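Bear in mind that the values here come from a model prediction, so they are computed numbers and not experimental data. Count residues from 1 along the sequence.
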Amino acid sequence: MKISKKCRYGLRALIDLSANAENEYMVLGNIAERNGISPQYLEQVFANLRRAGIVKGIKGSQGGYRLDVDP
């Protein structure tokens with residue numbers, strides 16, 4: 001069974017988010033840097049996760065992403 005790159009990056013980012021966020025909003029750039037993923041590509045992945053209701057995003061200087069479901 002093959003898993004796409006987008007799926008692998010999404011899983012890595014979700015694991016990172018659940019391990020480090022502690023119910024706070026995390027900046028996408030920090031997640032991308034820790035996992036060695038392009039921030040622009042990760043933004044596309046998180047757009048799909050946001051539409052699926054897995055993460056919640058807030059725009060602005062104090063914004064970021066957090067899990068919308070229990071880890």
Between Asn48 and Ile54, is there a side-chain heavy-atom distance shorter than 4.5 Å? no
Answer with yes or no whether the hydrophobic clustering places Leu49 together with Leu11; edges join I, L, V, M, F, W, Y residues whose side-chain heavy atoms lie under 4.5 Å apart. no
Distance-minimising heavy-atom pair for Ala32 and Ser38: CB-C, 4.4 Å
Closest approach of Gly63 and Val27, non-hydrogen atoms and distance? O-CG2, 4.1 Å
In terms of hydrophobic clusters joined by side-chain contacts under 4.5 Å, are Ile15 and Leu42 together? no
Does some side-chain heavy atom of Arg34 sit less than 4.5 Å from a side-chain heavy atom of Asn20? yes
Do Phe46 and Leu17 have side chains that approach each other closer than 4.5 Å (heavy atoms only, starting at C-beta)? yes
Would you check if Arg66 and Val55 make a side-chain contact, meaning some heavy-atom pair closer than 4.5 Å? no
With a 6.0 Å cut-off (strictly less than), is the heavy-atom count around NZ of Lys6, excluding the residue itself, greater than 12? yes
Is atom CD of Glu33 surrounded by more than 12 heavy atoms (other residues, nucleotides or ligands) closer than 6.0 Å? no
Between Arg12 and Asn35, is there a donor-acceptor pair closer than 3.5 Å when you use the side chain of the first and the backbone of the second? yes
Joint cluster assignment, Tyr65 & Leu67, ILVMFWY side-chain distance < 4.5 Å: yes
Between the side chains of Gln44 and Tyr9, is a donor N or O closer than 3.5 angstrom to an acceptor N or O? no
